[in-house]
Amino acid sequence: MSKVITEAAQALVSVEQAPMTIEIEKGALRKYAMAIAWPEKPDARYVDGSGGVIAPPTFCTSFHWLAPLLEKINPSMPAYRVALNGGNEYEFYEPIRAGDALTARPKLASLSEKPRDDGGVMLIIDLEAEFTNQTGARVLTARQRLLRIYGPENLT
Amino acid sequence: MTGAQVYWEDVEEGQEIPPFSRKVGYMELNRFAGANDELVPIHMDPDYAKDVAKLPDVIVMGNLKLAYIANALAAWAGEDAWIEQLRVDYRKMDIVNTTLSAKGKVAKKYERDGRRLVELDVWVENDQGEVTTPGSAVVRLPARGG
C-alpha cells in the first residue's frame with residue numbers, strides 16, 4: 001500500500017499536459033555559458049558565434065518545464081523533508097539558438113516509492129517532455145527523475 | 001575551451017578523454033544558481049542544508065555536474081561534433097568546496113544510419129576518487145575528409 005502516492009497524483013501519469021513556450025534569450029545563453037566555464041572564459045560558440053549564438057547542450061536544465069506539472073501533483077501529496085535531483089537524460093536533435101521559441105510538451109511518466117531504513121519513504125517521480133522549435137522541428141527530448149525524501153516525521 | 005577536432009577514424013575504444021575539473025565553491029554555485037534559475041536553499045544556505053534538509057552541508061547541483069560532463073565532451077570532441085545523448089544518475093551528493101572532475105571513456109565506436117557515433121561512459125568523481133555521478137553519452141563525430 002502506498003504511503004505517499006495519492007490517487008489524484010497517480011491519475012496524472014501518462015497524461016500529456018498543456019504545451020508551454022520557452023523563449024531562448026541571447027543574454028541568458030551568455031550568462032549560462034559563463035557560469036559553467038567559470039573561472040575560465042566561455043566557449044565562443046555560446047556567446048559570439050558567427051552563425052548565431054547557440055545554446056550549450058545543458059542549457060535545457062534552465063527551462064523549468066517541470067513546474068506546471070509539479071503544481072498539479074503537489075496539492076494532493078504530503079510535505080516531504082527534501083527533494084533531490086535523481087538523474088537526467090537528454091536526446092539532442094538540432095541546435096537551439098538565441099531567438100528560438102520552443103514548445104515543450106511535458107508529461108508525468110511514472111510514480112513509485114521505496115522504503116527507507118529510517119522508516120520513511122523515497123518517492124520517485126519520472127517526468128519527460130518533447131521540445132520543438134518555431135519551425136516545428138524536434139530539438140530535444142528531456143527526461144527528469146526527481147526524488148522526494150519523506151522522513152518518519154513526514155508520515156505521521 | 002574546445003580543442004582540435006576529433007575525427008571518428010582516430011577514436012579508439014578504451015581511450016579516455018581529457019577531464020574537466022573545478023573546485024566548486026560558493027562562487028561557482030551562486031553563478032550557476034543565477035544562470036540556471038536554480039535558487040534552491042540546499043545549494044545556497046548551509047543552515048538550511050544542515051538543519052532542515054539534514055544534509056552534511058550545501059550540496060552541488062546535479063545540473064552543474066551534468067554541465068561539467070558536457071564541457072568535457074565538447075572540449076574533447078571539437079566544434080564539428082554533436083552530442084546526441086547524455087544521461088546521468090546522481091548517486092552520491094557532492095559537498096561545497098570539493099574538487100570535482102568530469103571524465104569520460106570511449107566504450108563503443110559504431111555507425112548507424114550514416115552517422116559515425118561514439119558511445120562513452122561518463123562520470124563525475126570527487127577529490128577522493130569516488131564516482132558520484134555515473135552516466136553515458138553518445139557523440140556524433142565527423143569523418144576525415146568530410
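Each chain gets a letter, A, B and so on, in the order the sequences are listed, and its residues count up from 1.
The shortest non-hydrogen separation linking R81(A) to A53(B) is CD-O, 4.1 Å. Here the shortest heavy-atom pairing between A35(A) and A35(B) reads CB-CB, 3.8 Å. The heavy-atom pair separating L86(B) from F92(A) by the smallest distance is CB-CE1, 4.0 Å.
Of the listed residues (V82(A), L147(A), T61(A)), the one with the most heavy-atom contacts under 4.5 Å to chain B is T61(A). The candidate from E28(B), R87(B), R31(B) with the greatest count of non-hydrogen atom pairs under 4.5 Å with chain A is R31(B). Put simply, of E91(A), R143(A), R145(A), the one with the most heavy-atom pairs under 4.5 Å next to chain B is E91(A). Ranking N63(B), D89(B), L55(B) against chain A, the residue ahead of the rest is N63(B), based on heavy-atom pairs under 4.5 Å.
Heavy atoms of K54(B) lying under 4.5 Å from chain A belong exclusively to its side chain. In this structure, chain B has a heavy atom under 4.5 Å from the backbone of Y93(A), while its side chain stays farther away. Heavy atoms closer than 4.5 Å to chain B are found nowhere in A33(A), neither backbone nor side chain. With a 4.5 angstrom heavy-atom cutoff, P57(A) touches chain B only via side-chain atoms. Contacts of F32(B) with chain A are made by both backbone and side-chain atoms, with heavy-atom separations under 4.5 Å. No part of E153(A) comes within reach of chain B, as not one of its non-hydrogen atoms sits under 4.5 angstrom from that chain. For chain A, the nearby part of I59(B) is the side chain; its heavy atoms alone come within less than 4.5 Å.
Within 6.0 Å of the CD atom in E111(B), the count of heavy atoms belonging to other residues, nucleotides or ligands exceeds 12. Around the NZ atom of K109(B), the shell of radius 6.0 Å holds more than 12 heavy atoms that belong to other residues, nucleotides or ligands. Other residues, nucleotides and ligands contribute only 12 or fewer heavy atoms inside 6.0 Å of the CZ atom of R30(A).
V138(B) and W82(B) fall into different hydrophobic clusters, where Ile, Leu, Val, Met, Phe, Trp and Tyr residues are linked whenever their side-chain heavy atoms come under 4.5 Å apart, directly or through other members. By the criterion of side-chain heavy atoms lying less than 4.5 angstrom apart, applied directly or through intervening Ile, Leu, Val, Met, Phe, Trp or Tyr residues, V96(B) is grouped together with V52(B) in one hydrophobic cluster. When hydrophobic clusters are built by joining Ile, Leu, Val, Met, Phe, Trp and Tyr residues whose side-chain heavy atoms come closer than 4.5 Å, directly or via intermediates, Y80(A) is grouped together with L123(A). W123(B) and L100(B) are members of different hydrophobic clusters when ILVMFWY side chains are connected at heavy-atom separations under 4.5 Å. In terms of hydrophobic clustering, with Ile, Leu, Val, Met, Phe, Trp and Tyr side chains grouped at heavy-atom distances under 4.5 Å, L146(A) and V13(A) are assigned to a common cluster.
At a threshold of 4.5 Å between non-hydrogen side-chain atoms, the residues I42(B) and L84(A) count as touching.
Note that CD of Q85(B) and OH of Y90(A) are 14.0 Å apart. Values are rounded to the nearest 0.5 Å. The CG atom of N36(B) sits 8.0 Å away from atom OG1 of T58(A), with the distance rounded to the nearest 0.5 Å. In this structure, CG on N85(A) lies 9.5 Å from OG1 on T133(B), to the nearest 0.5 angstrom.
Formation of a donor-acceptor pair under 3.5 Å by the N71(B) side chain with backbone atoms of I36(A) is found in this model.
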